[in-house]
Engineer: 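This is the structure I have questions about; it appears just below.
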Amino acid sequence: MPLFWFDSETHLIKPGLAAPKLVCISTCSESGKTGLFDRASGLQLVQRVLEDKSVIICGHQVFYDLGVCCAEDPAVFVPLVFKAFDDFRIRDTIIRQQLIDIAQGNLKYRFDEETQTYVKTGYTLADLVLRLLGRVLPKEDTWRLKYALLDGVPIKDWPADAKKYAVDDAVATREVFLKQVELAGGDVSVGGVIPTEERAVRDAWSLWLMSAWGVRTDGEAVAKLKAELEAEQAEAVEKLKDTGIIKQNRDGSWSRNMKEIYRRVEAGYVAQGMTPPMTDSGRVSTEYEALVDCKDEGLAVLADAAGGAKLLNTFVPMLEGGTVKPINSRFNCLVETNRTSSSNPNLQTLPRKGSARNAFVPRKGMVFCSCDYDTIELRALAQSCLDLVGQSAMAEALRAGEDLHLNLAADFMGISREEAAKRYTDGDSEVADQRQMMKPANFGFPGGMASDSFVEYAKGYGYVIDRGLAKRIHEQWYRAWPEMRAYFQLVSNIVGKAGEGTVVSPRSGFVRGGLTFTQLSNHYFQSLTATGAKDALWHVTHACYAEPDSALWGSRPVIFMHDEIFTEMPEEKSSDAAQLQAKIMIDVMSGWIPDIPIKASPVLMRRWYKGAKPVYVNDKLVPSKPVEEGGKVKWVADL
DNA sequence: TGGGCGTGCGCG
DNA sequence: AAAGCGCGCACGCCCA
């Protein structure tokens with residue numbers, strides 16, 4: 001298949017405008033022949049190339065360029081672009097390099113031969129040209145950010161360096177691509193495929209579209225949240241301003257005085273005859289627990305105010321932006337585990353407590369659909385055990401429809417699993433509490449956690465236990481899931497004496513290197529979950545954008561949170577759309593985790609509510625809203 | 001004044 | 001024998 005490289009120059013990206021107007025298209029053929037085309041002829045050319053099923057299309061952050069074309073003429077380009085992804089005809093030099101680097105454990109930092117030091121790994125075109133080709137791609141003082149000035153000017157009248165810069169990028173992308181084929185030991189004649197890249201680019205396209213569509217917030221809710229948080233902070237400042245714990249800046253704002261905080265934490269522990277907790281680098285810890293446990297009145301106030309301060313400073317400005325223009329979080333397709341990340345702003349870490357999530361609202365005429373997988377990482381773990389060690393009690397329990405936390409609680413209480421199940425459904429609070437206490441066991445131990453660390457980990461779930469109890473729970477956990485001994489043995493063998501290993505995931509083919517024992521323990525189930533969830537996102541996105549007959553047509557994914565797809569749906573078809581989304585998610589994940597039942601159920605909302613429960617009226621899924629009833633939250637139809 | 005770094009914490 | 005992971009972000013300190 002012939003390869004074709006292209007790059008676009010555009011007007012600038014602005015908040016709320018992820019795909020700005022096109023100025024020109026530059027191209028490079030497999031033989032190295034270059035071209036430079038104005039907007040109209042460039043679009044025609046890209047269209048022809050997309051239509052030609054014999055061509056593989058490559059770019060550096062190619063999703064941006066494809067998105068720009070789609071924005072120029074959606075009716076023509078959206079179906080063509082999806083078809084090209086369907087046919088695995090798109091390649092991206094960033095994705096390729098990231099996959100190569102993850103396989104070698106070099107994604108974030110790598111050893112630089114020239115300087116003999118570890119350096120941060122970069123992925124701009126200039127970074128890759130320098131690293132792979134050993135030459136400098138001029139980026140400074142070029143036309144890069146100024147192509148809007150040439151919009152409408154015939155290319156024959158462009159300054160020579162403006163033409164050169166545009167073409168150079170396409171040429172450099174080709175050279176980088178070919179070098180990558182070499183690095184990966186591949187064959188250019190079959191497209192130079194790097195393991196899992198063909199799916200990765202589809203995933204990345206889904207995530208790019210999600211970024212570009214963006215998500216809105218509601219002005220009233222944001223203003224209310226901001227006012228509450230500001231009042232709370234002012235109150236804390238009033239209490240702390242004369243203690244030395246905080247100090248006033250020139251502009252009147254207040255900052256923590258770390259020296260005084262360190263001093264007080266230490267003094268507080270010493271006064272109780274204890275040694276203060278330390279950080280890894282030997283400094284006195286100032287985490288929440290330390291601030292509370294040192295029994296210093298002022299630090300207790302500080303500890304309480306910290307959450308609100310973070311909410312106010314990190315999230316409120318972002319939420320305010322969303323009342324004016326869509327929030328275009330950047331979703332990154334690949335981190336070391338094959339999971340995704342989100343930045344500017346990070347929508348994957350919005351606090352569950354507080355009201356930040358409640359500020360998000362769907363666009364007019366739309367409702368939100370949230371659908372997440374039920375205990376998916378444990379299901380992925382069970383599948384991994386079947387694949388790697390040939391058996392899994394966890395898999396059997398899941399196939400029998402049992403509750404993994406409840407099973408563990410029953411074992412621990414010395415009662416039968418049947419009895420525990422009955423008492424739990426009857427609302428027995430002792431069983432419910434024991435079950436709750438087993439959650440950290442099921443979530444922490446698979447990653448290779450030791451029972452001593454479990455004491456701290458359980459604290460986060462609200463359980464204060466001693467080392468002896470932690471050890472007993474750990475042993476109980478091993479008895480419940482005996483395959484985990486073989487699992488850790490296998491992990492240990494792979495990591496070996498060197499303390500570092502490389503693995504190819506059995507189902508996805510994803511390659512990751514430089515793994516330590518605990519990293520690998522987590523890696524198998526985390527990467528398998530990520531593979532399935534991203535693949536599900538691609539199929540949901542496909543239905544939304546490229547399948548006019550689908551119930552999902554016209555819906556738009558807006559946030560992806562590892563095991564959850566959050567979507568905007570036209571209200572009139574939202575019941576069918578939501579149920580189709582859930583079906584796609586289950587079907588796709590079942591392809592990756594075929595031996596374990598997969599569960600996911602959708603819920604509709606007119607605002608982002610945490611923990612929302614689905615509400616059905618006459619078999620139709622309708623938007624849910626919470627109502628307080630005698631101190632309990634009940635979910636009712638929001639019509 | 002600005003970048004680098006350590007710390008702590010949000011989420012899954 | 002021993003072993004939670006991995007993101008992004010803000011703050012405050014340090015050093016140039």
Engineer: If you write DNA chain C from 5' to 3' in dot-bracket form, with Watson-Crick or G-U pairs under 3.5 Å, [ ] for crossing pairs and | for pairs with another strand, what do you get?
Structural biologist: ....||||||||||||
Engineer: Between protein and nucleotides 2-8 of chain C, map the contacts as a letter string: B base, S sugar-phosphate only, - none, heavy atoms under 4.0 Å, written 5' to 3'.
Structural biologist: BBBBSSB
Engineer: Which part of the nucleic acid does A/Ser521 contact within heavy-atom distance under 4.0 Å: base, sugar-phosphate only, or nothing?
Structural biologist: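 No contact.
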Engineer: Distance between the C1' atoms of C/dA3 and B/dG10, in whole angstroms?
Structural biologist: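 It comes out at 25 Å once rounded to the nearest Å.
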Engineer: Over all strands shown, is A/Thr286 touching base, sugar-phosphate only, or nothing at heavy-atom distances under 4.0 angstrom?
Structural biologist: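 The answer is sugar-phosphate, as A/Thr286 gets under 4.0 Å only of primed atoms, P, OP1 or OP2.
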Engineer: Sorted by first residue and then second, give each side-chain hydrogen bond (donor to acceptor under 3.5 Å, both in side chains) pair with at least one member in residues 294-319 of chain A; sequence neighbours left out.
Structural biologist: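 Sorted pair list: A/Arg264-A/Asp296.
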Engineer: Answer with base, sugar-phosphate or nothing: what part of the nucleic acid does A/Leu311 contact at a heavy-atom distance below 4.0 Å?
Structural biologist: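 It contacts nothing in the nucleic acid.
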Engineer: Which nucleotides of nucleotides 11-16 of chain C have their base under 4.0 Å from a protein heavy atom (B), which only their sugar-phosphate (S), and which neither (-), written as one string 5' to 3'?
Structural biologist: SSS---
Engineer: Give me the distances for all protein-to-nucleotides 2-5 of chain B N/O pairs that come in under 3.5 Å?
Structural biologist:
none

Engineer: Taking only residues two or more places apart in sequence or in another chain, which ones pass salt bridge (charged side-chain N to carboxylate O under 4.0 Å, His left out) with A/Arg607?
Structural biologist: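 Counting only residues at least two positions away or on another chain, A/Arg607 forms a salt bridge (charged side-chain N to carboxylate O under 4.0 Å, His left out) with A/Asp218.
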Engineer: Report the residues that fulfil side chain to side chain donor-acceptor pair (under 3.5 Å) with A/Tyr123, sequence neighbours left out, ordered by chain and then residue number.
Structural biologist: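 With sequence neighbours excluded, A/Tyr123 shows a side chain to side chain donor-acceptor pair (under 3.5 Å) to A/Asp101, given in chain and number order.
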Engineer: Using the test ring pair (Phe, Tyr, Trp, His ring centres under 6.0 Å), find all partners of A/Tyr288 that sit at least two apart in sequence or belong to another chain.
Structural biologist: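 Residues passing ring pair (Phe, Tyr, Trp, His ring centres under 6.0 Å) with A/Tyr288: none at all.
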Engineer: Would you please name every residue forming a ring pair (Phe, Tyr, Trp, His ring centres under 6.0 Å) with A/Tyr269, sequence neighbours left out?
Structural biologist: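 A/Tyr269: no ring pair (Phe, Tyr, Trp, His ring centres under 6.0 Å) contacts found.
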Engineer: Let me have the donor-acceptor pairs involving side chains of residues 534-541 of chain A, under 3.5 Å, with sequence neighbours excluded, atom names and distances please.
Structural biologist:
unit_1	atom_1	unit_2	atom_2	d
A/Lys534	NZ	A/Cys333	O	2.7
A/Lys534	NZ	A/Asn338	O	2.8
A/Lys534	NZ	A/Asn338	OD1	3.0
A/Asp535	OD1	A/Arg202	NH2	3.2
A/Asp535	OD2	A/Trp592	NE1	2.8
A/His539	ND1	A/Asp535	O	3.0
A/Thr541	OG1	A/Leu537	O	2.6

Engineer: Can you give each donor-acceptor pair under 3.5 Å made by side-chain atoms of residues 471-478 of chain A, sequence neighbours left out, with the distance rounded to 0.1 Å?
Structural biologist:
unit_1	atom_1	unit_2	atom_2	d
A/Gln476	OE1	A/Arg479	NH2	3.3
A/Trp477	NE1	A/Asn442	OD1	3.2

Engineer: Would you please name every residue forming a salt bridge (charged side-chain N to carboxylate O under 4.0 Å, His left out) with A/Glu568, sequence neighbours left out?
Structural biologist: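 Residues passing salt bridge (charged side-chain N to carboxylate O under 4.0 Å, His left out) with A/Glu568: A/Arg363.
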